[in-house]
There are 2 protein chains.
Amino acid sequence: MALEHAILVSLAEREGSGYELTRRFDRSIGFFWRATHQQIYRVLKRMDEAGWVSSVHVPQEGKPDKKVYSVSAAGRVELERWIAEPGEPVEVRDELAVKIRGAAHGDLAALRAEVARHRDAHAERLALYRRLADKDFPEPGALSGTALHQYLVLRGGISAESGFVTWCTEVLDALEGR
Amino acid sequence: MALEHAILVSLAEREGSGYELTRRFDRSIGFFWRATHQQIYRVLKRMDEAGWVSSVHVPQEGKPDKKVYSVSAAGRVELERWIAEPGEPVEVRDELAVKIRGAAHGDLAALRAEVARHRDAHAERLALYRRLADKDFPEPGALSGTALHQYLVLRGGISAESGFVTWCTEVLDALEGR
DNA sequence: GTCTGCATGTAACTGGTTACATGATTAT
DNA sequence: ATAATCATGTAACCAGTTACATGCAGAC
């Protein structure tokens with residue numbers, strides 16, 4: 001149950017409305033924990049009831065009003081508790097791996113095309129992460145605090161995506177049957 | 001919706017009961033698509049109704065009887081269709097990344113311990129995959145067919161787990177504050 | 001007598017996705 | 001005109017987890 005906590009982390013960095021959180025989950029923190037606006041609104045409501053966040057109604061001109069959420073004292077306690085709590089290491093769950101495993105029961109050419117598609121998608125993601133790292137953290141050695149933490153998470157994304165690209169390439173080579 | 005297809009792949013390799021499938025999902029194919037027995041029984045029932053598999057009641061001595069499932073013609077068609085169908089590339093969803101991102105709002109020492117725990121778990125998983133690769137595929141260059149496909153999937157696991165280990169180590173170094 | 005393995009299931013719940021719904025403002 | 005952005009939600013559904021339930025055989 002980490003969406004609550006991902007929202008707490010995001011709101012602790014900066015308060016915001018459900019809509020603004022949705023934008024953030026389309027980028028940054030959402031690269032590592034995706035969520036749709038429906039889910040975010042539902043969970044925000046639950047968190048409000050639990051007292052982890054509080055909201056202020058903010059009227060706007062030319063735009064619809066919004067409800068701005070911020071982390072309460074209880075929310076900060078909960079966030080600290082959760083960060084220290086041991087969790088399960090990520091488990092791989094990869095549809096493509098299942099397809100490769102079943103390659104003998106399908107069309108090899110189609111599967112190769114699929115692997116190439118995944119390789120390209122991961123390469124694009126990797127390029128994006130590298131661009132973000134270069135732009136936002138040009139001097140990694142000098143980082144500390146939240147900027148360092150954000151950089152480290154981005155490094156994890158770069159590591160994961162470059163691993164996928166390498167693996168897809170290896171699979172393609174092996175399936176080419178040259 | 002890939003559990004159906006993971007089961008089809010597994011049953012296409014060898015027929016088996018729900019219980020036997022559960023054992024397989026504790027190893028091999030389950031390393032890349034985990035499932036519990038409850039889920040497997042439920043999905044097998046649905047697949048039977050859909051005509052993708054057929055079952056035979058097999059009486060046993062000294063053990064409870066079992067229902068052995070095998071892939072039907074319709075199931076083989078469905079499996080081939082699914083393998084050729086484009087799917088979504090895996091998305092990273094990592095609780096640990098969220099915790100690191102929120103490090104400023106928690107206890108750093110506890111977080112370091114948590115990262116070290118994850119590093120150890122991934123290192124263990126990596127060692128297991130390497131052991132399996134050495135044992136089952138001692139001559140990777142000579143592989144073809146299903147054995148090659150199984151090896152390639154295992155290579156993906158090795159790549160992913162070694163990526164995690166490297167990343168955790170990098171994070172620990174950066175958070176040591178030396 | 002207690003635990004492990006074999007074997008199959010039901011029921012309740014949680015988390016996440018997809019579709020539907022509304023309505024104003026601004027840019028093309 | 002039409003699409004995109006801002007803003008918030010409901011409802012139905014699907015997938016997956018946890019807990020509960022049964023019962024025999026064989027090993028320690």
Side-chain angles (χ1 to χ4, degrees), chain A residues 1-8 11 15-27 29-30 32-50 52-53 55-69 82 87-95 98, chain B residues 1-8 11 15-27 29-30 32-50 53 55-69 82 87-88 90-95 98:
Chain A
M1 198 167 30
L3 178 55
E4 273 89 338
H5 299 99
I7 289 176
L8 284 177
L11 287 180
E15 55 167 36
S17 67
Y19 188 83
E20 281 156 6
L21 278 168
T22 303
R23 297 291 114 233
R24 294 183 210 171
F25 275 84
D26 285 344
R27 309 179 217 83
I29 198 158
F32 307 94
W33 202 275
R34 203 158 57 88
T36 59
H37 82 270
Q38 292 90 338
Q39 217 186 325
I40 289 169
Y41 284 117
R42 183 146 35 100
V43 169
L44 274 175
K45 196 182 165 190
R46 202 197 301 155
M47 290 169 77
D48 202 351
E49 279 158 17
W52 293 1
V53 295
S55 62
V56 203
H57 181 91
V58 177
Q60 298 188 115
E61 278 170 37
K63 291 181 192 178
D65 296 356
K66 60 180 178 179
K67 245 159 70 180
V68 173
Y69 290 89
W82 176 76
E88 285 298 302
V90 227
E91 281 188 41
V92 175
R93 198 162 230 230
D94 193 342
E95 213 171 85
V98 179
Chain B
M1 200 169 27
L3 179 56
E4 274 87 338
H5 299 99
I7 289 177
L8 284 178
L11 287 180
E15 55 168 34
S17 67
Y19 188 83
E20 281 157 6
L21 278 169
T22 303
R23 296 292 114 233
R24 295 184 209 169
F25 274 85
D26 285 343
R27 311 179 218 84
I29 199 159
F32 307 95
W33 202 274
R34 202 158 58 87
T36 59
H37 82 269
Q38 293 89 340
Q39 217 186 323
I40 289 169
Y41 284 116
R42 183 145 35 96
V43 169
L44 273 174
K45 195 182 164 190
R46 203 198 299 153
M47 290 168 77
D48 202 352
E49 281 158 16
V53 294
S55 64
V56 202
H57 181 91
V58 176
Q60 298 188 115
E61 280 170 35
K63 291 180 192 179
D65 296 356
K66 61 180 177 180
K67 245 161 67 181
V68 174
Y69 291 89
W82 175 75
E88 284 298 303
V90 228
E91 281 189 42
V92 176
R93 198 162 231 228
D94 194 342
E95 213 172 85
V98 178

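In the text below, chain A, chain B and the rest are named by the order of the sequence lines, each starting its count at 1. For clarity, every value in this text was computed on a predicted model and none was experimentally measured.
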Residues that B:R46 engages under salt bridge (Lys or Arg N to Asp or Glu O under 4.0 Å), provided they are two or more places apart
B:E4
For A:R42, enumerate each residue passing the side chain to side chain donor-acceptor pair (under 3.5 Å) test, keeping only those at least two apart in sequence or located in another chain.
none
Check the distance between D:dC6's P and A:K66's NZ and give it to me in whole angstrom.
10 Å
Which is more 5' along DNA chain C, the nucleotide nearest A:A2 or the one nearest A:P64? Just name the residue.
A:A2
Establish, with yes or no, whether the OP1 or OP2 oxygen of D:dC6 is under 4.0 angstrom from a side-chain nitrogen or oxygen of A:S17.
no
Would you indicate what B:Q60 reaches in the nucleic acid, counting non-hydrogen atoms under 4.0 angstrom: base, sugar-phosphate, or nothing?
sugar-phosphate
Taking D:dC6, D:dT18, D:dG16 as options, the one with an atom nearest any side-chain atom of A:K63 is D:dC6
Taking ring pair (Phe, Tyr, Trp, His ring centres under 6.0 Å) as the definition, give me every residue that meets it alongside A:W82, ordered by chain and number, with sequence neighbours left out.
A:H5
How far does the helix from C:dG1-D:dC28 to C:dT28-D:dA1 bend, going by the axes of its first and last five pairs, to the nearest 10°?
30°
Pull out every residue in residues 39-50 of chain B that has a heavy atom closer than 4.0 Å to any atom of DNA chain D, ordered by number, or say none.
B:Q39, B:R42, B:R46
Partner set under side chain to side chain contact (heavy atoms under 4.5 Å, CB included) for A:F32, not counting sequence neighbours
A:V153, B:V92, B:A97
Can you measure A:Q38 atom CD to D:dC13 atom C1' for me and round it to whole angstrom units?
13 Å
Out of B:V43, B:I29, B:I7, which residue meets the side-chain contact (heavy atoms from CB on, under 4.5 Å) rule with B:L21?
B:I7
Atom-to-atom span, NE2 of B:H37 to C1' of D:dG16 - whole angstrom
13 Å
First and last nt of DNA chain C near chain B, cut-off under 4.0 Å to heavy atoms, 5' to 3', are C:dG5 to C:dG16
How would you list, by chain and number, every residue that makes a side chain to side chain donor-acceptor pair (under 3.5 Å) with B:R93, sequence neighbours excluded?
none
Could you pick out which residue, A:L3 or A:E61, lies toward the 5' side of DNA chain C when each is mapped onto its nearest nucleotide?
A:L3
Applying side chain to side chain donor-acceptor pair (under 3.5 Å), name anything that partners A:R23, two or more places apart in sequence or on another chain.
A:D26
In Å, rounded to the nearest 0.5 Å, how long is the span from OH of A:Y69 to OG of A:S55?
5.0 Å
A:F25: which residues meet the ring pair (Phe, Tyr, Trp, His ring centres under 6.0 Å) condition with it, sequence neighbours left out?
none
Who are the side chain to side chain donor-acceptor pair (under 3.5 Å) partners of A:E20, not counting sequence neighbours?
A:K66
In whole Å, I'd like the distance from the CG atom of A:D65 to the C1' atom of D:dT8.
11 Å
First locate atom CG of A:D65, then atom OG of A:S17, and finally report the distance between them rounded to the nearest 0.5 Å.
11.5 Å
Can you check whether A:Y19 has a side-chain N or O nearer than 4.0 Å to OP1 or OP2 of D:dT8?
no
